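Keep in mind that what you see is a predicted model, and the values were worked out from it rather than measured. In the text below, chain A, chain B and the rest are named by the order of the sequence lines, each starting its count at 1.
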Amino acid sequence: MTEDNVGAILKKLDDVYGVTKEGFYHDQPWQLLAAIMLSAQSTDKQVEEVLPDFCRRFQTAAQLADAPLEEIEASIRSIGLYKNKAKNLKKCCTQIVNEYGGEVPSEIEELLKLAGVGRKTATLFLADAYEIPGVTVDTHVFRISRRLGWAEGKNPVIVEQELQKVLPEEHWNRINFQLIYHGREVCTARKAKCEECILGDWCERRI
DNA sequence: ATCCCGAGGG
DNA sequence: CCCTCTGGAT
């Protein structure tokens with residue numbers, strides 16, 4: 001377990017990938033939650049393409065909850081897993097209207113009760129919407145933090161707890177997008193490009 | 001061809 | 001625990 005590499009790596013990530021990420025377009029918090037749900041297994045570009053029209057068509061959670069499933073599907077048709085997402089969005093918005101008075105809850109335990117909202121979506125929403133510090137562990141964060149020697153846990157929940165101990169809290173809300181960029185371009189699941197990695201000096205995997 | 005910026009369901 | 005859902009990137 002190396003923890004002395006943490007400071008140097010975090011600084012490098014800040015330098016190369018920046019400290020802020022532009023969030024998804026939205027007028028209302030529930031639309032941000034919807035955008036994050038849409039982003040699963042899809043690119044930001046795909047999501048941003050449908051988002052303006054989506055937000056215009058469904059201005060409130062109640063409007064989406066009442067819309068025919070076919071209309072919801074049509075509005076997100078170009079995005080991966082669109083049938084699942086349309087079904088989950090309708091159910092999720094129905095829950096928001098019926099059980100939360102039309103407002104997205106800000107407690108993670110409540111968010112996790114919403115259809116289509118898992119831990120990754122919930123923590124990212126809390127960070128983006130309310131700047132609540134949290135470590136969002138998606139597939140990239142999971143893979144890279146293990147390669148760096150920051151975590152050893154066998155599932156995302158354990159890794160999340162390990163990272164909360166290893167990382168200063170002010171980095172929690174930016175480590176996700178930084179490692180996503182890094183994970184897509186360099187530290188890929190297979191055939192990682194260790195020769196061109198900016199973290200090569202400190203990474204346990206390369207040394 | 002193969003793998004995903006997940007989550008629900010059997 | 002493993003399967004499925006989807007288009008797009010590589």
>> Less than 3.5 Å apart, any donor N or O on the side chain of A/Asn98 or A/Tyr100 sitting next to an acceptor on the other?
In response: no
>> Can you give me the closest heavy-atom contact between A/Ala115 and A/Met37, atom names plus distance?
In response: O-CE, 3.5 Å
>> Checking contacts here: which listed nucleotide (C/dA9, B/dC4, C/dC5) is nearest the side-chain heavy atoms of A/Gln41?
In response: B/dC4
>> Under 4.0 Å, counting only non-hydrogen atoms across every strand here, what does A/Leu114 touch: a base, just sugar-phosphate, or nothing?
In response: sugar-phosphate
>> Which nucleotide wins on minimum distance to the side chain of A/Ala189, given the candidates B/dA7, C/dC5, B/dC4?
In response: B/dC4
>> For the C1' atoms, the ones on B/dG9 and on C/dG7, what distance do you get once it is rounded to whole angstrom?
In response: 22 Å
> Expressed in angstrom and rounded to an integer, what is the separation of A/Met37 atom CE from B/dA7 atom C1'?
Replying inline: 9 Å
>> Can you tell me if A/Thr121 touches the phosphate of B/dA7, counting only side-chain N or O atoms and a distance under 4.0 Å to OP1 or OP2?
In response: yes
> Please give, in whole Å, the distance from C/dC5 P to A/Leu89 CG?
Replying inline: 19 Å
> Whole-Å distance between B/dG6 P and A/Glu160 CD?
Replying inline: 15 Å
> A/Thr139 near the nucleic acid: base, sugar-phosphate alone, or nothing, with a heavy-atom cut-off under 4.0 Å?
Replying inline: sugar-phosphate
> To the nearest Å, how far apart are A/Leu111 CG and B/dA7 P?
Replying inline: 12 Å
> How far does the C1' atom of B/dG8 sit from the matching atom of C/dG8, given to the nearest Å?
Replying inline: 23 Å
> Among B/dG6, B/dC5, C/dG8, which nucleotide sits nearest the side chain of A/Gln46?
Replying inline: C/dG8
> Is any side-chain N or O of A/Arg119 closer than 4.0 Å to OP1 or OP2 of B/dG6?
Replying inline: no
>> Rounding to an integer number of Å, can you tell me how far A/Arg184 CZ sits from C/dT10 P?
In response: 7 Å
> Using the C1' atom in both, what is the distance from C/dC2 to B/dC5, to the nearest Å?
Replying inline: 22 Å
>> Quick check: on DNA chain B, is the nucleotide nearest A/Lys91 upstream (toward 5') of the one nearest A/Lys21, or the reverse? Name the residue that is more 5'.
In response: A/Lys21
>> Using the side-chain heavy atoms of A/Asp138, tell me which of these nucleotides is nearest: B/dT2, C/dG7, B/dC5.
In response: B/dC5
> Taking A/Trp30 for the side chain and A/Cys93 for the main chain, is one N or O donor matched with an acceptor at less than 3.5 Å?
Replying inline: no
>> Quick one about A/Lys85 and A/Ser39 (side-chain donor to acceptor, distance below 3.5 Å, no hydrogens or angles considered), yes or no?
In response: no
> Rounded to whole angstroms, how far apart are NZ on A/Lys154 and P on C/dC1?
Replying inline: 9 Å
> What is the nucleic acid contact for A/Val117, judged by heavy atoms within less than 4.0 Å: base, sugar-phosphate only, or nothing?
Replying inline: sugar-phosphate
>> Rounded to whole Å, how long is the line connecting atom CG of A/Asp44 with atom P of B/dC4?
In response: 17 Å
>> Closest approach to the side chain of A/Arg77, judged atom by atom: which nucleotide of B/dC5, B/dG6, C/dG7 is it?
In response: C/dG7
>> Within the 4.5 Å heavy-atom criterion, are A/Leu199 and A/Leu13 side-chain neighbours or not?
In response: yes
> Once the angle between the rings of A/Tyr17 and A/Tyr181 is folded into 0 to 90°, is it parallel (under 30°), tilted (30 to 60°) or perpendicular (over 60°)?
Replying inline: tilted
>> In this structure, how many angstroms lie between the P atom of C/dA9 and the CZ atom of A/Arg190, rounded?
In response: 17 Å
> Starting at the 5' end of DNA chain C and moving along, which residue's nearest nucleotide shows up first, A/Ala40 or A/Lys45?
Replying inline: A/Ala40
